[in-house]
A.B. asks: 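Quick one: structure below, then a few questions.
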Amino acid sequence: MRFDTSLSAEDGPNIDHLLRTTYPTDFEARLVESLRTRRVMAAEHGLWDQGALVGYVAYSPVSIKDVDTKRQILGLGPLAIHNDYQGEGLGRRLLEESLKEVEADAIVLLGHTDFYERVGFRPAADFGLTFSDDREQNAAFMAMECWQGALEGLSGRVVYDTKFYAD
Ligand SMILES: CC(C)(COP(=O)(O)OP(=O)(O)OC[C@H]1O[C@@H](n2cnc3c(N)ncnc32)[C@H](O)[C@@H]1OP(=O)(O)O)[C@@H](O)C(=O)NCCC(=O)NCCS
């Protein structure tokens with residue numbers, strides 16, 4: 001299994017295939033294709049098994065509504081492990097390796113809270129950050145400071161690229 005921090009434009013079809021296989025709809029595949037095409041992606045990491053992409057995680061910049069900051073805050077996602085490889089610890093391994101490599105001041109995400117708490121994320125509400133007006137979405141919204149105090153003074157509504165909100 002090879003951890004890869006240098007996915008290129010040529011890896012698009014592999015990423016697309018993995019996301020279409022692991023997620024129930026093509027939303028994530030289309031989102032990633034759009035972010036890649038517009039060069040909005042901040043970082044992408046993968047896991048390869050003998051030439052097949054079996055793990056993928058993406059990071060894209062987010063902002064905080066009405067807050068002007070130079071701090072780099074990234075939204076993590078999508079994250080996917082190929083169906084045939086799930087439940088073997090690879091998701092956690094990819095996340096841990098990836099979080100060591102990614103350059104950011106803070107990271108936010110919407111996801112399974114149990115899974116992400118184990119790698120250091122906390123409820124985004126602890127930092128005064130929200131995703132939307134929806135209570136369930138906010139309950140699944142997590143954040144992590146890459147250095148202590150990185151999110152100090154930065155509370156508010158987190159805004160992703162518009163494609164994250166598209167149907
Ligand atoms: C979610 C996903 C990335 C996890 O990858 P994985 O390789 O199967 O996970 P791991 O084997 O590394 O599991 C790590 C831990 O998280 C737990 N876990 C795995 N999937 C979980 C889920 N969907 N919800 C809550 N906990 C989960 C595991 O039980 C395990 O716990 P343990 O450390 O106590 O044993 C993978 O299942 C996937 O790609 N799913 C489809 C796409 C998706 O839903 N992505 C969104 C992620 S928020």
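Atoms within a ligand are numbered from 1 in the order they appear, just like the ligands themselves.
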A.B. asks: If you measure only the distance, is there a donor-acceptor pair under 3.5 Å linking the side chains of Arg30 and Ser34?
C.D. replies: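 No - no donor-acceptor pair under 3.5 Å links their side chains.
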A.B. asks: What atoms in ligand 1 come closer than 4.0 Å to a heavy atom of Tyr116?
C.D. replies: 47 (C), 48 (S)
A.B. asks: Is there at least one protein heavy-atom neighbour under 4.0 Å from atom 29 (O) of ligand 1?
C.D. replies: no
A.B. asks: Please tell me if the side chains of Trp48 and Val54 come closer than 4.5 Å, counting only heavy atoms from C-beta onward.
C.D. replies: no
A.B. asks: Just need the protein heavy atom nearest to atom 33 (O) of ligand 1, so name the residue and atom and give the distance.
C.D. replies: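 Protein heavy atom at minimum distance: Arg92 NH1, 3.3 Å.
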A.B. asks: Looking at Arg36 and Glu44, does any basic side-chain N land under 4.0 Å from a carboxylate oxygen?
C.D. replies: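 Looking at Arg36 and Glu44, the cut-off is met.
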A.B. asks: Is there a polar contact between ligand 1 and Ala80, counting only N or O atoms under 3.5 Å apart?
C.D. replies: no
A.B. asks: Quick one about Gln137 and Ser132 (side-chain donor to acceptor, distance below 3.5 Å, no hydrogens or angles considered), yes or no?
C.D. replies: yes
A.B. asks: Starting from atom 16 (O) of ligand 1, locate the nearest protein heavy atom and write down its residue, its atom name and how far away it is, to 0.1 Å.
C.D. replies: Phe115 CD1, 2.9 Å
A.B. asks: Give the residue, atom name and distance (to 0.1 Å) of the protein heavy atom nearest atom 11 (O) of ligand 1.
C.D. replies: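 The closest one turns out to be Gly89 N, 2.7 Å.
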A.B. asks: Could you tell me whether atom 35 (O) of ligand 1 has at least one protein heavy atom nearer than 4.0 Å?
C.D. replies: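 Protein heavy atom within 4.0 Å of atom 35 (O) of ligand 1: absent.
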A.B. asks: One thing to verify: whether Arg92 and Glu96 come together as a salt bridge, which I'm taking to mean a side-chain N less than 4.0 angstrom from a carboxylate O.
C.D. replies: yes
A.B. asks: I'd like to check which ligand 1 atoms, numbered from 1 as shown, lie under 4.0 Å from a non-hydrogen atom of Glu88.
C.D. replies: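 Those qualifying, in numeric order: 11 (O).
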A.B. asks: Do any nitrogen or oxygen atoms of Thr22 lie less than 3.5 angstrom from nitrogen or oxygen atoms of ligand 1?
C.D. replies: no
A.B. asks: If you measure every N/O of Tyr23 against every N/O of ligand 1, is any gap under 3.5 Å?
C.D. replies: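 Right, the criterion is met.
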A.B. asks: For atom 40 (N) of ligand 1, what is the closest protein heavy atom, and at what distance to 0.1 Å?
C.D. replies: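 The closest one turns out to be Gln86 NE2, 3.5 Å.
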A.B. asks: Which protein non-hydrogen atom lies closest to atom 44 (O) of ligand 1, naming both residue and atom, and how far is it?
C.D. replies: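 Minimum-distance protein heavy atom for atom 44 (O) of ligand 1 reads His112 NE2, 4.0 Å.
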A.B. asks: Would one find more than 12 heavy atoms of other residues, nucleotides or ligands at under 6.0 Å from atom CZ of Arg38?
C.D. replies: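 Yes, CZ of Arg38 has more than 12 neighbouring heavy atoms, counting only those of other groups under 6.0 Å.
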A.B. asks: Looking only at distances, can you tell me whether any N or O atom of Gly91, backbone or side chain, sits closer than 3.5 Å to an N or O atom of ligand 1?
C.D. replies: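 Yes; at least one N/O pair falls below 3.5 Å.
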A.B. asks: Does any N/O atom on Ile81 come nearer than 3.5 Å to any N/O atom on ligand 1?
C.D. replies: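 Looking only at distances, the answer is yes, because the N/O contact criterion of under 3.5 Å is met.
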A.B. asks: Relative to the heavy atoms of Gly87, which atoms of ligand 1 are at a distance of less than 4.0 Å?
C.D. replies: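 Counting from 1, the qualifying ligand atoms are 6 (P), 7 (O), 8 (O), 11 (O).
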A.B. asks: Measuring centre to centre across the rings, with the benzene-like ring taken for any Trp, is Phe121 within less than 6.0 Å of Phe115?
C.D. replies: no
A.B. asks: Between Tyr56 and His45 (judged by ring centroids, cut-off 6.0 Å), do the two rings come close enough to count as a pair?
C.D. replies: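 Between Tyr56 and His45, the centre distance exceeds or equals 6.0 Å.
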A.B. asks: Determine all donor-acceptor pairs shorter than 3.5 Å in which one atom belongs to a side chain in residues 80-91; sequence neighbours excluded.
C.D. replies:
unit_1: His82; atom_1: ND1; unit_2: Asp84; atom_2: N; d: 3.0
unit_1: Asn83; atom_1: OD1; unit_2: Gln86; atom_2: NE2; d: 3.3
unit_1: Asn83; atom_1: ND2; unit_2: Thr21; atom_2: O; d: 3.2
unit_1: Tyr85; atom_1: OH; unit_2: Asp49; atom_2: OD2; d: 2.7
unit_1: Gln86; atom_1: NE2; unit_2: Ile81; atom_2: O; d: 2.8

A.B. asks: Say whether Val62 and Leu154 are linked into one hydrophobic cluster, either directly or through other cluster members, by side-chain heavy-atom distances under 4.5 angstrom.
C.D. replies: yes
A.B. asks: Within a distance under 4.0 Å of any heavy atom of Arg118, pick out the atoms of ligand 1 and give their elements.
C.D. replies: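 Reading through ligand 1 atom by atom, the close ones are 15 (C), 16 (O), 17 (C), 30 (C), 31 (O), 32 (P), 33 (O), 34 (O).
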A.B. asks: Measuring to protein heavy atoms, does anything land under 4.0 Å from atom 21 (C) of ligand 1?
C.D. replies: no
A.B. asks: Could you list which atoms of ligand 1 come closer than 4.0 Å to a heavy atom of Leu79?
C.D. replies: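 Close to Leu79: 3 (C), 42 (C), 43 (C), 45 (N), 46 (C).
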A.B. asks: Answer yes when Arg118 and Asp114 have at least one side-chain N-carboxylate O distance shorter than 4.0 Å, and no when they do not.
C.D. replies: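 The answer is no: the pair does not qualify as a salt bridge.
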A.B. asks: Are any of the heavy atoms in Arg93 under 4.0 Å away from ligand 1?
C.D. replies: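 Judged by the 4.0 Å heavy-atom criterion, Arg93 does not count as contacting ligand 1.
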A.B. asks: Do Ser98 and Tyr59 have side-chain N/O donor and acceptor atoms under 3.5 Å apart?
C.D. replies: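 Indeed, the side chains of Ser98 and Tyr59 share at least one donor-acceptor pair under 3.5 Å.
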